[in-house]
There are 2 protein chains.
Amino acid sequence: MTGNDDVPRTPLAHRVPDLGALELLLAVARHGSLGRAARDVGITQPAASSRVRSMERQLGVALLDRSPRGSRLTEAGALVTDWARRVVDAAEAFDAGAQALRDRRDSRLRVAASMTIAEYLLPGWLIALREERPDTAVSLLAGNSAAVARRLVTGEADLGFVEGLSIPEGLDGTVIAHDRLVVVVAPGHPWARRRTPLLPGELAATPLILREHGSGTRQVLDAALAVHGGLAQPLLELSSTTAVKGAAESGAGPCVLSELALGEELSARRLVQVPVAGVRLRRQLRAVWPGGHRPTGPARDLLSLTGRGG
Amino acid sequence: MTGNDDVPRTPLAHRVPDLGALELLLAVARHGSLGRAARDVGITQPAASSRVRSMERQLGVALLDRSPRGSRLTEAGALVTDWARRVVDAAEAFDAGAQALRDRRDSRLRVAASMTIAEYLLPGWLIALREERPDTAVSLLAGNSAAVARRLVTGEADLGFVEGLSIPEGLDGTVIAHDRLVVVVAPGHPWARRRTPLLPGELAATPLILREHGSGTRQVLDAALAVHGGLAQPLLELSSTTAVKGAAESGAGPCVLSELALGEELSARRLVQVPVAGVRLRRQLRAVWPGGHRPTGPARDLLSLTGRGG
DNA sequence: ATGAGGTCATAAGCTGACTTTATGACCGGC
DNA sequence: GCCGGTCATAAAGTCAGCTTATGACCTCAT
């Protein structure tokens, strides 16, 4: 339905070393020695030696210059290591998010966040928080703005994050970041080659791939284009940000998404941004808390990590 | 030396499911059924069932609502799936890069690129290229601008990518993107809270963490600050972008880096951008090729994926 | 030069995770 | 009521990776 059945898709996991191996490689790069790296990741030196060797066999490239004085990365090894770091970083974000999810019930800091923020920003913040306060257990509840507000009011959560134009009733808050909505298309789409910005009327008149009604993204877009004739009938209405990206990438048509959700797709040119003139597609990202008192303790720590409110 | 010995670092790989499991989870999300997902990733249905089950045990969270009509993601499952997607995306970039590296000798499209581009942009482009032209074998050589130019002139490479102010002698080229240098500090640094932009003089007078002399990043910075008194004595001179980031994150001081290298660190607030006034810290990213004739064949395909030069 | 301390590689045996095949239980539609 | 789909369970085989034990090599200091 979304045209998302993808490529032939050969088994990726067989061509990429597992996380343990990638971590080991990073450790070798850090320490300059297989043995020290092995100790760092908690295995023995022969295990590390063997593991790196199979990685080299798998990739078909020499990664290390072994010498009796230690091991240094080859030129290819340096590149591979950097790609490995990105995988490990993503895995760390995964872990941080999962940890929060796991400790849902018995934790000390309970965060409620909108889906977009929970997906794209929170895991990174949680990694940072864990470095500063390793003993803080964080739980995470995801939902729309109304759900976040309700959970704060009822005391089910200590701190919330929402996108949107205003602060929900009964809460205090502060703007922590801005988020732009951008129009993107697949590289093959005619709009990808445009030099002149899209006009609001043009955008409004074009059928787009959108999140379903009620999503924060769509509300902002609706409001911004109301004066230009309102949105055209959508091309597709999908239920998740990722589904929208997938449809757009496979060439179904243009879509409008938060730039937060588009980092990798844009730099990898899987999607291309289309300039737009004369419409303000910014929205605020806010931290919110129960009215009256500023957050304290772990909630304040997390807040300060997001850039505001130390 | 760089303060990069990091956290206690418990074994990450034991807390994050392996790539195969994550891929399986994505397949389940796509197909709505364990059995179909199993076929998709090339294993049997019981294996898939068991694997998802251990993932749920490992994470301590139910991921799937199983029913006789299929399996759908739980709310937690949806979040986990999105984090998983980022890991798998990173793994795909890893694979694409590695593939190119592996086919170095016998491939048809030979690309030479500067380190920064090879690290942060090329793997994504290669993924896109493989989708359009699955049979194109790509090889990748990384080096500095001079090395890229030499390889193009001698016919060792078909297409090159360089950062920098001008096109190397004997080559033609086109600007494919711009890249800004940004000043970043750890969240705890005083500059992280600045409201007023940094003045050029201030920046020039402050000891910074820098790449070693000769790096493209440093050249641009040198040139831009020459009129404001030139760079102060560096705080640290490190040999890789990642080392610079690591030092800055651990609070050693401010550093200046390409925004390409900072995507995740900025959104995760592990590093914070400091506004700067009155200095132009942009540089061009160029595709280059041997003088005279525009690239053809796979080289042109890749070029068009980067946004210019269809 | 000779021994100490560092490096990495190899060999052998063990463990455990993941797989497949073969079932069974459950639900919904015809 | 039976068929086609779903997922779960059980038993048995395979294989990758681990550990322990050892050896070879280089460098430095004595």
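Protein chains get the first letters and strands the later ones, always in sequence-line order, with residue 1 at the start of each.
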Between CG on residue B/D89 and CZ on residue A/R86, distance to nearest 0.5 Å: 11.5 Å

Taking atom P of C/dA9 as reference, at what distance in whole Å does atom CG of A/D65 sit? 12 Å

Using whole Å, what does the distance between atom P of nucleotide C/dA17 and atom CG of B/L24 come to? 18 Å

Please check if any side-chain donor atom of A/D82 sits under 3.5 Å from a side-chain acceptor atom of B/T242, or the reverse. yes

Using a strict 4.0 Å threshold on nitrogen-to-oxygen distance, state whether A/E237 and A/R211 make a salt bridge. no

Numerically ordered, the residues 47-59 of chain B set in heavy-atom contact under 4.0 Å with DNA chain C is B/A47, B/R51

Separation of C/dA17 P from A/D18 CG (nearest whole Å): 14 Å

Counting only heavy atoms not in B/R72 (residues, nucleotides, ligands), do more than 12 fall under 6.0 Å from its CZ? no

To the nearest angstrom, the CZ-P distance between B/R39 and C/dT19 comes to 16 Å

What would the secondary structure line of DNA chain C be in dot-bracket form, counting Watson-Crick and G-U wobble pairs under 3.5 Å, with [ ] for pairs that cross earlier ones and | for pairs with another strand? ||||||||||||||||||||||||||||||

Rounded interatomic separation in angstrom, taking NE2 from A/H31 and C1' from C/dC8: 17 Å

Whether A/S67 contacts C/dC8 is assessed here as follows: a side-chain N or O lying under 4.0 Å from the phosphate OP1 or OP2. Is that the case? no

Check nucleotides 22-30 of chain D against the protein and report each pair of N or O atoms closer than 3.5 Å, with its distance, or say if there are none.
none

Does a nitrogen or oxygen in the side chain of B/S33 sit under 4.0 Å from OP1 or OP2 of D/dT6? yes

Output a table of donor-acceptor pairs, distance under 3.5 Å, between side-chain atoms of residues 42-51 of chain B and any protein atom two or more places apart or on a different chain; print 'none' if there are none.
{"from": "B/R51", "atom 1": "NH2", "to": "B/D18", "atom 2": "OD1", "distance (Å)": "2.6"}
{"from": "B/R51", "atom 1": "NH2", "to": "B/D18", "atom 2": "OD2", "distance (Å)": "3.0"}

Salt bridge or not for A/E56 and A/R66, using N-O below 4.0 Å? yes

Is A/R66 close enough to C/dT7 that one of its side-chain N or O atoms is under 4.0 Å from OP1 or OP2 there? no

Any pair counted as ring pair (Phe, Tyr, Trp, His ring centres under 6.0 Å), so long as it reaches residues 117-140 of chain B, sequence neighbours left out: B/W125-B/F161

Could you list all the ring pair (Phe, Tyr, Trp, His ring centres under 6.0 Å) pairs where at least one residue sits in residues 73-92 of chain A, not counting sequence neighbours? none

Does B/K245 pair with B/E265 as a salt bridge, N-O distance under 4.0 Å? yes

In whole angstrom, give the distance that lies between atom CZ of B/R36 and atom C1' of D/dC7. 15 Å

